[in-house]
2 protein chains.
Amino acid sequence: MALRDELKKRDPFDLIEQEAALSIMRTSDLLENRFARLLREYDLTRSQYNVLRILRGEGRPMPCLEVAQRMIQVAPAITRVVDQLVNAELIVKTQSDSDRRVFLIDLTSRAKRVLKAVDVPLLELHRSLLSGVPKKDLKQVIAILQQIREGVSE
Amino acid sequence: MALRDELKKRDPFDLIEQEAALSIMRTSDLLENRFARLLREYDLTRSQYNVLRILRGEGRPMPCLEVAQRMIQVAPAITRVVDQLVNAELIVKTQSDSDRRVFLIDLTSRAKRVLKAVDVPLLELHRSLLSGVPKKDLKQVIAILQQIREGVSE
DNA sequence: CCCAATTAATTTACATGTCACCTATCGACA
DNA sequence: TGTCGATAGGTGACATGTAAATTAATTGGG
């Protein structure tokens, strides 16, 4: 179904740019929803999972703000997520010796187990959500969206 | 390649499907941010604006839930946004005569003025955000994202 | 005609994101 | 050395989104 039908908009889009933007946001909502639903089964929110995933990818303790930057998030949001994760014993937070402003966070073994349990189902979800789309098209979307992001950041 | 081998490949992305999904969500975040910033100048949030836009598009009083469905939102969220808009005197809410469970909302003349004021800047923002991207590419993105949404909805 | 299922809307609880502002620490430079 | 700007991080207020439970009204089957 075309986006303009989904939204039951009577007039055609004024601009193709507008249709593209709405299309991106609408699709993002759908995807986020699916991922959130899967992660909830593991008692994780998307933010929490992202923090864990970044830490694992980096393989070393990281400052909170460095994690935040990779998540395109503002510092205050990270603070709370970190608190939750510490509370859930999924990360540990220690003050850096070299710079006492910095707090380093690192995965616990429990977190590593959880991540491992989530890996396959999540990968399968990614695969199944986009399975109907040829890889060639996915590559193209990735390239064009990158172009959009570069334009927006300016 | 075996699934477990793919899982070890963390750089840059495990799967093109994953890269595509992350790309869509990141781009959406960026765009939403820009739109939110513009609307804030008119003391509107994105949700509030969407309710007004839908009402204008329909051109008649609508039940709250009908508006919610078009916004892909859950009912409780709408309830609050409606309250805010009533408070700001941008919509009026009246109980339906034919079905007293239903509350109809409709634009005030003030809201129509605000919408009119927002129209051009918003359209310009849409245009400028995606101006760097050829229309051909935008059409392609729209088509592929539509395909993705169809797969996800199943 | 009545009861059960359904539907519109709301309330509550919780997670998240943003902004504005605050604290502590660092580091450079006068 | 002392001050000042920059940086890491945290707090509080507010808006939004979701889920789950609740209320009120409607509707359809027995």
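The analysis underlying the following values was restricted to heavy atoms, covering all of them including side chains, and did not include hydrogens, waters or symmetry mates. Fair warning: this is a prediction, and the values are worked out from it, not measured in the lab.
- Contact annotation: side chain of A:Arg101 to base of D:dT7, donor-acceptor pair present below 3.5 Å.
- One finds no side-chain N or O of A:Gln84 lying less than 4.0 angstrom from the OP1 or OP2 phosphate oxygen of C:dC14.
- Residue A:Lys93 qualifies as enclosed at atom NZ: its count of foreign heavy atoms under 6.0 Å is above 12.
- A:Leu65 and A:Met71 end up in different hydrophobic clusters when Ile, Leu, Val, Met, Phe, Trp and Tyr side chains are linked at under 4.5 Å.
- Checking A:Asn33 against B:Ser98, the closest nucleotide of DNA chain D that is more toward the 5' end is the one next to A:Asn33.
- Atom CG in B:Asn87 sits about 15 Å away from atom C1' in D:dC14, given to the nearest Å.
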Next item on the list: Evaluate side-chain hydrogen bond (donor to acceptor under 3.5 Å, both in side chains) for B:Arg80 paired with B:Ser47, printing each intermediate quantity in order.
Entry: CA-CA 10 Å; B:Arg80 266 175 320 204; B:Ser47 292; over 6 Å; no
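- For B:Leu104 and C:dT7, the CG to C1' distance is 15 Å, given to the nearest whole Å.
- Protein atom CZ of B:Arg100 is 8 Å distant from nucleotide atom C1' of D:dA25, rounded to whole Å.
- Under the side-chain contact (heavy atoms from CB on, under 4.5 Å) rule, B:Ile105 has a single partner from B:Leu85, B:Ile78, B:Val82, which is B:Val82.
- Both A:Met71 and B:Lys93 lie near DNA chain C, and the one whose nearest nucleotide falls closer to the 5' end is B:Lys93.
- Taking every side-chain heavy atom of A:Val81 into account, C:dT16 is the closest of C:dT16, C:dT18, C:dA9.
- When heavy atoms are screened at a 4.0 angstrom cut-off, A:Arg80 is found touching base atoms of the nucleic acid.
- Look at CZ on A:Phe103: it is 10 Å from C1' on D:dG10, rounded to the nearest Å.
- Take the nearest nucleotide of DNA chain C for B:Arg40 and for B:Asp99: the residue whose nucleotide is more 5' is B:Asp99.
- Whole-Å rounding puts the A:Gln48 CD to C:dC14 P distance at 14 Å.
- Across all strands, B:Thr45 comes closer than 4.0 Å only to sugar-phosphate atoms, never to a base (heavy-atom distances).
- A chain of hydrophobic side-chain contacts below 4.5 Å, direct or via other Ile, Leu, Val, Met, Phe, Trp or Tyr residues, connects B:Leu129 to B:Leu122.
- The CD1-P distance, from A:Ile78 to D:dT11, rounds to 15 Å in whole Å.
- Following rounding to the nearest Å, B:Glu32 (CD) and D:dA15 (P) show an atom-to-atom distance of 18 Å.
- Between C:dG17 and A:Ser47, a contact under 4.0 Å exists linking OP1 or OP2 to a side-chain N or O.
- In this structure, the CZ atom of B:Phe35 is 19 Å from the C1' atom of D:dA15, given to the nearest Å.
- Heavy atoms of B:Ala77 sit under 4.0 angstrom from at least one base atom.
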